[in-house]
Protein chains: 2
Amino acid sequence: MRHNGSMNARAAITPRPSIAITRSERKRQTREALLEAALELLEDRSFGSLSLREVARSAGIVPTGFYRHFDGMEELGLALVDESFRTLRQMIRSARAGRQDTTNAIRASVAILVRHVHEHRLHFRFIARERSSGVPALRRAIHNEIRLFSSELAIDLARMPFLGDWSSEDLHMVSGLLVDTMVSTAEAILDAAPDDPAAEREIVRMAEKRLLLIALGVPRWRPSTAASGGERGERRADGPS
Amino acid sequence: MRHNGSMNARAAITPRPSIAITRSERKRQTREALLEAALELLEDRSFGSLSLREVARSAGIVPTGFYRHFDGMEELGLALVDESFRTLRQMIRSARAGRQDTTNAIRASVAILVRHVHEHRLHFRFIARERSSGVPALRRAIHNEIRLFSSELAIDLARMPFLGDWSSEDLHMVSGLLVDTMVSTAEAILDAAPDDPAAEREIVRMAEKRLLLIALGVPRWRPSTAASGGERGERRADGPS
DNA sequence: CGTTTGGGTGAACATATGTGCACCGAAAAT
DNA sequence: ATTTTCGGTGCACATATGTTCACCCAAACG
């Protein structure tokens, strides 16, 4: 048997018949139960190895009931992507708030990342897992969202005075590097023992250092002229020999 | 049905009864057929959603025959990790050969990465996929191997003259950053249309820029004293304000 | 009130899976 | 030449899956 996890089904709707609730509200609840059931089942499996029956069961409804909410697992998956990135966008908004010197901006950003990873562990785990693995539709959706993040970051960066003369390509390069670093930091946190604050502090320290190293490179960057093209081969060997 | 791919089974052993071959050799061939069948089935699925029967079928043997080679899918997966990293280590060896200035070292490293991704596409895809997703045993095995890479890179870096006074922690920080950047570059290449050389050149350009940016930061890094500890909060805001 | 709507049910289907068992036949060992 | 070894086979079983269909019944609506 491939799926041998615990089989306890949890009621979809908390038995609170005290006040009658609207029908659409009840539907929303069950839908939510399905989404959360799926998220929790993904602790040590990939979405691709998740069965419709399993999700329905653990959400407390019968398999056929599933189709009242989604017309298949893939649609459920896309809904999860949506839900996850909604909370992620919320995080970005917080991160955009702070306006400080580089060092503190780095610290603040990493701190926000860490906090949100803890607050939305399941969502982060889901996107970290499905980002590169499994169902193509999900992978694509997630990559699009991440590229969107990176682009928004690039726009933010463009507003910074000391980056005014950078080509948009170079800006996207930095934002991509920063986003990837954040992603791998988030993955590291998710993989760390959830109750080992020392390991996590270590991850945070490293992440901050990485970002600082990148920031240190920025002032030495020779912005390429916006005319991107085949100007390969003559970038000055600027670094250490 | 969840698995609806093409069901054509491919004979495990090319029918070449001309010369009698040793039994163990024949076993090796079937084992190899199983591994490769699995690798190819992973084009758009994760290892966790791969069934023993499917692999056996597509390797050209009967399900129960599978157990003559592995005692379950997990062992197959670990064998794949081994196989994949054997070729990866070979790549590292090539990369270690070049000794040049920073810019050319970057270009050479990226070029080697790209070449090996193409030459061992299936292996790279496998580890990129299973790196963060799916079966815990595989994830752990892969992470260990990657950490090992990172550590070896750190040792190499330590030998460079201009990094002589860096703490080992900082060296690991850089090597980690470099490895992560390479990993995400490899993932980008795998995701790009396999027959779109323009997109790939773009990825390569970006990767080179990322690495150069990092290299530019290196000379400005203030090496932390080996006494790591709670010296938080007084790193000079060195970058752009 | 009566009627319609729609979330949830249960049985049923064809098909898939992991794994145990007895068996075969040729290579390997004696 | 006889026996042993061992990949590979075929069958069987219990169990899982996706999806259909006809229902049920309380909320929503007229």
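Naming: A, B, ... by sequence-line order, numbering from 1 per chain.
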Using only atom types and a distance under 3.5 Å, with no angle test, would you say the side chain of B:S84 pairs donor to acceptor with the backbone of B:L80?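 At least one qualifying donor-acceptor pair exists.
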
Can a side chain N or O of [X] be found less than 4.0 Å away from OP1 or OP2 on [N]?
| X | N | result |
| --- | --- | --- |
| A:T30 | C:dG8 | yes |
| A:R31 | C:dG7 | no |
| B:R53 | C:dT19 | no |
| B:T64 | C:dC21 | no |

Expressed in angstrom and rounded to an integer, what is the separation of [X] atom [atom1] from [N] atom [atom2]?
| X | N | atom1 | atom2 | result |
| --- | --- | --- | --- | --- |
| A:F70 | C:dG7 | CZ | C1' | 14 Å |
| A:R23 | D:dC25 | CZ | P | 15 Å |
| A:L34 | C:dG7 | CG | P | 12 Å |
| B:L76 | C:dG18 | CG | P | 12 Å |
| A:R45 | D:dA16 | CZ | P | 13 Å |
| A:L50 | D:dT17 | CG | P | 10 Å |
| B:Y67 | C:dG20 | OH | C1' | 9 Å |
| B:L52 | D:dG8 | CG | P | 14 Å |

Of the listed nucleotides ([options]), which one gets closest to any side-chain atom of [X]?
| X | options | value |
| --- | --- | --- |
| B:E54 | D:dG18, D:dG7, C:dT17 | C:dT17 |
| B:I61 | D:dT9, D:dG18, C:dA27 | D:dT9 |
| A:H69 | D:dT19, C:dG8, C:dT19 | C:dG8 |
| B:K27 | D:dG7, C:dG18, D:dC6 | D:dG7 |

Ignoring hydrogens and angles, does a donor from either the side chain of A:R68 or the base of C:dG8 sit under 3.5 Å from an acceptor on the other?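 Counting by modelled atom types and ignoring angles, a donor-acceptor contact under 3.5 Å is found here.
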
Step through the shown structure and confirm whether more than 12 heavy atoms of other residues, nucleotides or ligands are within 6.0 Å of CZ on A:R89.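 Above 12, so yes.
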
Would you say B:S49 and A:S49 are linked by a side-chain donor-acceptor pair, where the criterion is simply a distance under 3.5 Å?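 There is no such pair (donor and acceptor under 3.5 Å, judged by atom type) between the side chains of A:S49 and B:S49.
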
Under 4.0 Å between a Lys/Arg side-chain N and an Asp/Glu carboxylate O for B:E25 and B:R28?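 Yes, this pair counts.
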
Write out all pairs satisfying ring pair (Phe, Tyr, Trp, His ring centres under 6.0 Å) with one or both partners inside residues 41-70 of chain A, taking only residues at least two apart or from two chains.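 Only A:F66-A:F70 qualify under ring pair (Phe, Tyr, Trp, His ring centres under 6.0 Å).
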
Which residue, B:S24 or B:G72, contacts DNA chain C at a nucleotide closer to its 5' end, judged by nearest heavy atom?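 Nearest nucleotide further toward 5': that of B:G72.
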
